[in-house]
Amino acid sequence: MLLGTVLVLLVLGGAGTASAHAALRGTDPEDGSVVKSAPRHLTLTFTESVGLLDDSFRVLGPDGRRVSGVGDAEHAPDSSDTARVTLPAKLAQGTYTVGWRVVSADSHPVSGAFTFSVGKPSPAAAVVDTGPVENPATAGLYKIARYLAYLAAALLIGTAVFVTACRPPEPHRLRRLLWAGWWTLLGSTLVLLVLRAPYETGTAPTFDASAFERTLTGRPGAVLLIRLALLALTALFLVRLLRRESWSRGWLATGTALAVALALTWAAAEHASAGIQVPVAMTSAALHVLAMAVWLGGLTALVTTLYRTSAMPLFVVTRFSRLAFTSVTVLVVTGVYQSWRGLGSWNAFTDTTYGRLLVAKLAAVALVLTAAACSRRWTARLVAAEAETVVRERVPETVGGPPQPPAEPVVPSQTSHPHQRNLRRFVLTEVAVGVVVLVISTVLSGTLPGRAQAEAAESAPAAGPAVASVTNIPFSVGSASGRVQITIDPARTGENSVEAVVLTRDGGFAIVPELRLSFTLPAKDLGPIDAELKDKGGYWATNSLTLPLAGDWTMKATIRVSEIDQVSESKTVRIVG
């Protein structure tokens, strides 16, 4: 099961780029605008609070050189969702290109570029490299560490709650689970802390002392440091937990406080810490993490106990059944709230990546609930079988006659083997599908919510008259041939929407497993820029392709028609200013 989980994490962790929560709401001066006099400040406004880097702004002048005298990046007064930089007093006439990079409140970096002109536009704007959103090696390691941190938290908190609340007969058998969760969470947190700086800057996974020092002073780094301190206290708690059979209320309260504090380290670093209703959202997120941990981690502890114990006391199963029901209730309530907060509209279910991931999570949750219902049914049968056994084993009291030898004490609450085997199967199913739910939840935590995407789209500056460009790219590979019809709207500098359909030789629609589109401007040695098309069910599209310069762009389409057959074809498309 662990090997399968790691493979899933590797597949999901290595696919594509991260979708940061923060979306650019607007710029001052506006993208592509012409101002009469040089502005004193550049201001970018985002859909949520953002963190700034040492090199958050790069301003290139009309000559293509970096403008000197630009101030340090800062937030506008009392506004953490803006990034501002002071410009020199005098700027020459012409077009300026601004490359920017910030860190969103949910800890993901996001970058981009825009242009503005002083007096009148230059014949050709300077080319600025905004830098990669993420380095593949750094991003892959960082994502895997995030997934493992979630799994470890579930294992650690859930097993500890199972030991204290369900009282299994041999708690020492769960020692390895507890310490495996603790050590994995410790290791993944250290990896996240070390990789934080290169992850933010999009560089290779190297250690830089000055960058690491900056990480420790930022909010994501501070949250990870707090988690490490909590893990040190948790280690002391675990040592005493495994040595005692009963615990005082004060000791249990200490363990509860540690679990809540650990859950808050996730809530403070992800979607809940930005947007609307932050206090309610952080409370909901912490409860969601705790309920997930108690359920999934407790299931792992239960299935371990079932496989290692031939006859387990029935009260352990019934106690966990009640605990699991409470956890599921909390998960449903908090999940509904978080879905409403993240989506913002019904259309976001199908029109956004966040919504489609949420639908996949809901489907997986439905499977888990089905397995949980079966587990509860077998638990009820165990209770009925136990009651029948107790009645059968009662010895009637004799009246008169010689005294009877004392009856052997009945060992209550022992599960029968056939029922225990069936319970094992369904609990193991719950664990397996629960891991899938946890993976999808982790991916969701790094995906742009539908509400933020809608806010960014509504506040985006209006462009001029739209003139769509339609291009047909023929292809032939193996036994498949046809053409890709690509529509770029409005086919001008700035943000564009792209729709692509694959047509057969006779003009019918064709379904392909993968379609990639990239743009290169040879005259300026710019690109390739990945359009990051998404499968919309019959066609491929994106609403966020940014082409910063006008010119003749080379559009390259890669069509994969099977597991082994794919072809790349290119055509030139004109982008106007």
Side-chain angles (χ1 to χ4, degrees), residues 16-17 19-20 23-27 29-34 42 44 58-60 62 64 94-101 110-117 121-134 202 448 453 456-457 459-473 484-501 515-534 539-558 568-577:
T17 58
S19 299
L24 183 63
R25 188 190 299 272
T27 65
E30 293 184 357
D31 184 17
S33 64
V34 179
L42 289 176
L44 278 67
R58 283 170 291 160
V59 184
L60 276 64
T95 300
Y96 291 80
T97 306
V98 182
W100 55 268
R101 185 181 184 90
V110 58
S111 62
F114 69 97
T115 63
F116 70 94
S117 301
S122 303
V127 178
V128 59
D129 180 12
T130 63
V133 174
E134 56 187 22
L448 178 67
Q453 182 174 326
S459 58
V467 181
S469 167
V470 180
T471 305
N472 287 281
I473 300 181
V484 183
Q485 180 176 293
I486 303 163
T487 302
I488 306 174
D489 188 9
R492 58 182 298 167
T493 55
E495 190 169 75
N496 291 264
S497 63
V498 180
E499 290 186 4
V501 293
L515 176 62
R516 298 194 304 274
L517 197 64
S518 63
F519 294 80
T520 305
L521 186 59
K524 299 295 183 180
D525 195 21
L526 179 63
I529 297 176
D530 187 1
E532 297 183 1
L533 297 180
K534 303 297 183 183
Y539 70 100
W540 298 73
T542 181
N543 292 321
S544 57
L545 171 65
T546 300
L547 300 175
L549 300 176
D552 294 324
W553 289 75
T554 299
M555 182 169 57
K556 177 182 177 182
T558 300
S568 295
E569 301 289 349
S570 300
K571 266 202 172 183
T572 301
V573 61
R574 180 71 177 176
I575 302 297
V576 299

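When the side chain to side chain donor-acceptor pair (under 3.5 Å) test is applied to Ser544, the partners found at least two apart in sequence or on another chain are Thr542. Partners of Gln485 according to the side-chain contact (heavy atoms from CB on, under 4.5 Å) rule, which considers only residues two or more places apart in sequence or in another chain, are Val470, Asn472, Arg483, Val501, Leu503. In terms of the side-chain contact (heavy atoms from CB on, under 4.5 Å) criterion, residue partners of Thr546 (sequence neighbours excluded) are, by chain and number, Glu495. In this view, Asp552 and Arg574 satisfy the salt bridge (Lys or Arg N to Asp or Glu O under 4.0 Å) rule, not counting sequence neighbours. In this view, Thr558 and Arg516, Lys556, Gln566, Ser568 satisfy the side-chain contact (heavy atoms from CB on, under 4.5 Å) rule, not counting sequence neighbours. Take Ser117 and apply the side chain to side chain donor-acceptor pair (under 3.5 Å) test, not counting sequence neighbours, and it matches Thr95. Legend: residues meeting side-chain contact (heavy atoms from CB on, under 4.5 Å) with Ala541, ordered by chain and number and at least two apart, are Glu499, Lys536, Tyr539. Listed by chain and residue number, nothing satisfies the side chain to side chain donor-acceptor pair (under 3.5 Å) test with Thr554 (two or more places apart in sequence, or in another chain). Applying the ring-ring contact (aromatic ring centres under 6.0 Å, His included) criterion to Phe116, with sequence neighbours excluded, gives Tyr96.
Taking the side chain as every heavy atom from C-beta outward, Trp100 and Thr27 never approach each other to under 4.5 Å. Counting heavy atoms from C-beta on, the side chains of Thr115 and Ser33 never come closer than 4.5 Å. Between Val498 and Ile486 there is a side-chain heavy-atom pair separated by less than 4.5 Å. Taking the side chain as every heavy atom from C-beta outward, Leu545 and Ser497 never approach each other to under 4.5 Å. Taking the side chain as every heavy atom from C-beta outward, Thr520 and Ser570 never approach each other to under 4.5 Å.
Taken to the nearest 0.5 Å, the OG1 atom of Thr493 stands 7.0 Å off from the CG atom of Asp31. The structure places OG1 of Thr97 at 11.5 Å from CZ of Arg58, a figure rounded to the nearest 0.5 Å. Summarising the geometry, atom CD1 belonging to Ile488 is positioned 10.5 Å from atom CH2 belonging to Trp553; distances are rounded to the nearest 0.5 Å. Atom NZ of Lys571 sits about 7.0 Å away from atom CD1 of Ile473, to the nearest 0.5 Å.
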* To do: Could you give me the CA-CA distance, side-chain angles and deciding distance for Phe114 and Leu44, then say whether side-chain contact (heavy atoms from CB on, under 4.5 Å) is met?
  => CA-CA 10 Å; Phe114 69 97; Leu44 278 67; 3.7 Å; yes
* Start with the C-alpha gap between Leu515 and Leu517, add the side-chain angles, then the distance that decides, and say whether side-chain contact (heavy atoms from CB on, under 4.5 Å) holds. => CA-CA 7 Å; Leu515 176 62; Leu517 197 64; 5.9 Å; no
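Leu521 and Ala550 get closest at one heavy-atom pair: CD2-O, 4.2 Å.
No donor-acceptor pair under 3.5 Å is formed between the side chain of Asp530 and the backbone N or O of Ser518.
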